[in-house]
Amino acid sequence: MISSIKGMKDILPAETESWQFIENTIHNICQQFHFKEIRTPLLEQTSLFKRSIGEETDIVSKEMYTFFDRSNDSITLKPEATASIVRSFIQNHIGEDQPSTKLYQISAMFRQERPQAGRLRQFHQYDAEIFGSTEPSADAEIILLNSAIFKNLGLTNFKLILNSVGCENCRPNYRDAILKNLTSLKNKLTPQSRERLEKNPLRVLDSKEAEDIEATKNLPLIFEFLCDSCKTHFDELQNILKSVNLNFTINNRLVRGLDYYTKTAFEFISENLGSQDALSGGGRYDLLVSQLGGKKTPAVGFAGGIERLLMAIKKENQNLINNKTLKLFIASADTSSKNIVFQNANNLRNAGISTDFDLLNRSLKSQMREADRQNAEYLIVIGEKEISEEKVLIKNMQTRTSSLINLPINIEEINLIINK
RNA sequence: GUGGCCAUAGUUCAGUCGGUUAGAACGCCAGGUUGUGGCCCUGGAGGUCGUGGGUUCAAAUCCCACUGGUCACCCCA
């Protein structure tokens with residue numbers, strides 16, 4: 001038997017209604033916030049991700065699906081959305097005819113990690129980006145869009161964690177200070193953190209190992225090093241969030257795993273997700289557009305995981321998602337009526353009424369059971385008698401009451417019954 | 001990449017001090033007097049017990065390897 005690739009799951013009919021519900025909600029809320037959808041390819045040149053996410057990050061160094069195509073070009077399945085959107089933003093001159101641009105996307109992503117609860121190798125993210133604004137209100141809008149999506153999905157159990165990671169002016173100073181401190185503490189760190197010290201010292205702060213937390217507890221905080229511009233930006237962002245009553249906590253150790261962030265970094269976490277508790281994350285990346293060859297353009301964005309949303313929704317309220325029902329099932333009482341059933345079903349479907357009938361030449365009893373199993377709201381049985389009398393009973397499966405209508409079925413007449 | 005747990009019907013599982021034709025529930029199919037579902041009753045189909053090897057007169061059961069799943073670490077969405 002050929003099975004799916006490890007960490008890549010089929011989304012089966014029983015689940016697709018939930019997916020559609022989540023996707024529709026994201027589209028609706030993004031529209032309310034006036035973001036426009038952008039769709040970029042799943043495959044990009046490998047160098048795009050190396051240059052944006054950072055060569056030393058875990059994502060690039062050990063998780064990307066990278067291979068050579070038949071022209072011997074190195075290509076990669078996108079492990080995150082922002083790089084592709086920035087590439088498209090530059091390539092298509094999206095920022096040239098307007099000072100600021102708001103974009104969103106829903107797409108599959110790929111990372112070759114060991115699968116576990118809430119983590120797959122093909123997973124799905126929704127994300128949004130604002131280009132062109134240095135204002136804290138842009139950061140706030142991204143965060144509020146995120147929380148609006150959660151709220152409209154019925155989620156209540158989520159928390160916002162905020163930090164500022166500084167900018168090109170103040171972060172180097174902080175980095176030097178951390179580096180100096182950590183080097184003297186080197187012996188107390190875990191091997192992983194020692195390795196990280198060389199490549200990206202700030203990430204040592206993010207370690208969850210007890211040893212590292214103990215060793216680093218007295219390190220200077222980023223806030224002591226933020227320049228005036230970063231400090232003001234962070235304060236204003238907090239004020240905006242407070243003014244709309246969005247609660248948050250500040251965690252000065254929040255350092256995200258992608259190298260391109262500047263100033264604001266944030267995560268939304270849920271207590272219902274077990275080990276993989278991040279619902280979404282993002283921040284400001286004022287340098288990335290120019291790093292990738294575009295004009296210097298400030299930007300802020302976030303990405304969230306759809307699988308994790310689904311888990312969180314199920315944990316909080318499994319009745320949230322309604323099943324779509326079948327309006328009408330038409331059974332045939334004898335084989336000679338099959339064609340009439342087919343014709344009438346076809347007319348009803350063309351009129352927008354969801355209709356089904358038997359494809360297996362089964363007994364009437366079996367067809368009835370099928371109608372019941374499919375949760376059909378209404379039932380019609382057509383046989384020789386109905387055809388000759390040009391009348392047919394339509395039965396409400398729940399109330400078990402019937403009414404007589406004309407055959408062939410008249411759309412206006414049946415609509416009077418089924419739209420009550 | 002590292003570790004824990006698991007692998008028997010479509011599904012959830014029982015069955016292990018080794019011993020006849022491997023079971024249950026749910027689901028599926030068909031009937032229950034000739035054309036009306038759900039409940040109920042009766043019957044039926046469906047499994048080389050994850051794969052390969054070993055021990056034994058005898059293996060779903062014991063041993064080894066592999067594969068797959070799952071959870072956790074790491075990291076992240």
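Convention: sequence-line order gives letters A, B, ...; per-chain numbering from 1. Just so it is clear, the model here is predicted, and its values are computed rather than measured. Computation of the quantities below employed the complete heavy-atom set of this structure, encompassing side-chain atoms and omitting hydrogens, waters and symmetry-equivalent molecules.
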request  = Determine the Euclidean distance between corresponding P atoms of B:rA77 and B:rG15; express it in Å to zero decimal places.
outcome  = 44 Å

ask   = What does A:Glu386 touch in the nucleic acid at a heavy-atom separation under 4.0 angstrom: a base, only the sugar-phosphate, or nothing?
value = base

C1' spacing across the pair B:rU42 / B:rU21, given as an integer number of angstrom = 24 Å

request  = Name the residue closer to the 5' end of RNA chain B, choosing between A:Gly7 and A:Leu279 according to the nucleotide with the nearest heavy atom.
outcome  = A:Gly7

ask   = Now, which nucleotide makes the Watson-Crick or G-U wobble pair with B:rG18, with each of the two distances under 3.5 Å?
value = none

request  = Assign A:Ser366 to base, sugar-phosphate, or nothing according to its heavy-atom contacts below 4.0 angstrom with the strands shown.
outcome  = sugar-phosphate

key: Distance in angstrom units between A:Glu370 CD and B:rC29 C1', rounded   = 12 Å

ask   = Counting only non-hydrogen atoms, which of residues 388-411 of chain A are less than 4.0 Å from RNA chain B?
value = A:Lys395, A:Met397, A:Arg400

request  = Could you work out the separation of B:rG46 and B:rA7 based on their P atoms and round it to a whole Å?
outcome  = 26 Å

Spacing of the C1' atoms in B:rG27 and B:rG38 (rounded, Å) = 15 Å

query = Hey, does A:Lys385 reach any base, or is it just sugar-phosphate, or nothing, if we go heavy atoms under 4.0 Å?
reply = base

Nucleotide paired to B:rG68 in any strand shown, Watson-Crick or G-U, under 3.5 Å = B:rC6

request  = Answer yes or no: is there a side-chain heavy-atom contact under 4.5 Å between A:Lys263 and A:Leu237?
outcome  = no

query = When rounded to the nearest Å, what value does the distance between P atoms of B:rC62 and B:rG47 take?
reply = 25 Å

task = Look at the side chain of A:Met368 and decide which nucleotide, out of B:rA77, B:rA30, B:rG37, has an atom nearest to it.
result = B:rG37

request  = Indicate whether OP1 or OP2 belonging to B:rC73 is found under 4.0 Å from a side-chain N or O atom of A:Gln116.
outcome  = yes

request  = May I ask you to say what A:Ala303 touches in the nucleic acid, namely base, sugar-phosphate or nothing, with a heavy-atom cut-off under 4.0 Å?
outcome  = sugar-phosphate

key: A:Tyr261/A:Phe266 aromatic ring centres below 6.0 Å   = no

remark   = Using Watson-Crick geometry (N1-N3 plus N6-O4 or O6-N4) or G-U wobble (N1-O2, O6-N3), each under 3.5 Å, B:rC62 is paired with B:rG54

inquiry  = Whole angstroms only, please: what is the CD-C1' distance between A:Gln374 and B:rG37?
reply    = 13 Å

request  = Would you kindly give the CD-to-C1' distance between A:Gln367 and B:rG31, to the nearest whole Å?
outcome  = 16 Å

remark   = Taken to the nearest whole Å, CZ/A:Phe329 to P/B:rG35 is 17 Å

task = Rounded off to whole Å, could you give me the CD1-to-C1' distance for the A:Ile5 and B:rG68 pair?
result = 14 Å

query = Looking only at side-chain N and O atoms, does A:Arg114 come under 4.0 Å of OP1 or OP2 in B:rC71?
reply = no

key: P atoms of B:rU48 and B:rU8, separation to the nearest Å   = 12 Å

note = Of A:Lys62 and A:His124, the one whose nearest nucleotide on RNA chain B sits closer to the 5' end is A:Lys62

ask   = Taking atom C1' in both B:rC71 and B:rC57, what distance in whole Å separates the two?
value = 42 Å

task = Using only heavy-atom distances, determine whether the side chains of A:Thr76 and A:Thr66 contain a donor-acceptor pair under 3.5 Å.
result = yes

query = Does a side-chain N or O from A:Arg373 land closer than 4.0 Å to OP1 or OP2 of B:rC29, or not?
reply = yes

Residue pair A:Tyr378 / A:Leu326, side-chain heavy-atom distance below 4.5 Å = no

request  = Could you tell me whether A:Leu379 contacts a base, only the sugar-phosphate backbone, or nothing, with contacts defined as non-hydrogen atoms closer than 4.0 Å?
outcome  = base

message = With a 6.0 Å cut-off (strictly less than), is the heavy-atom count around NZ of A:Lys327, excluding the residue itself, greater than 12?
response = yes

ask   = Once the angle between the rings of A:Phe234 and A:Phe223 is folded into 0 to 90°, is it parallel (under 30°), tilted (30 to 60°) or perpendicular (over 60°)?
value = parallel

task = Answer whether the closest heavy-atom distance between the side chains of A:Leu155 and A:Ile149 falls below 4.5 Å.
result = no

inquiry  = Whole angstroms only, please: what is the NZ-P distance between A:Lys9 and B:rG68?
reply    = 16 Å

key: Base-pairing mate for B:rG44 - Watson-Crick or G-U, with both contacts under 3.5 Å   = B:rC28

task = Using Watson-Crick or G-U wobble geometry with both distances below 3.5 Å, tell me the partner of B:rG1, or none.
result = B:rC73

inquiry  = With hydrogens left out and only the distance checked, is there a donor-acceptor pair under 3.5 Å joining A:Glu267's side chain and the base of B:rC76?
reply    = no

ask   = Under 30°, 30 to 60°, or over 60°: which ring-plane class applies to A:Phe131 and A:Tyr285, parallel, tilted or perpendicular?
value = perpendicular

key: P gap between B:rA22 and B:rU16, integer Å   = 16 Å

task = Give A:Glu307 one of three labels, base, sugar-phosphate or nothing, depending on what nucleic acid heavy atoms sit under 4.0 Å from its own.
result = nothing

inquiry  = Checking side-chain contact (heavy atoms from CB on, under 4.5 Å) between A:Val341 and each of A:Thr355, A:Ile382, A:Val381, which is the one that passes?
reply    = A:Ile382

request  = Please determine, for the side chain of A:Arg369, which listed nucleotide (B:rA30, B:rG69, B:rG1) has the closest atom?
outcome  = B:rA30

request  = Return the value, rounded to whole Å, for the distance between atom CG of A:Asp58 and atom P of B:rC74.
outcome  = 11 Å

query = Just checking A:Ile380: base, sugar-phosphate only, or nothing, at a heavy-atom cut-off of under 4.0 Å?
reply = nothing

query = Roughly how many Å is it from OH in A:Tyr378 to P in B:rG38, rounded to a whole number?
reply = 20 Å

query = Do the side chains of A:Tyr126 and A:Ile22 get nearer than 4.5 Å, heavy atoms only?
reply = no

ask   = Taking only side-chain nitrogens and oxygens of A:Lys365, does any of them come within less than 4.0 Å of OP1 or OP2 of B:rG37?
value = no

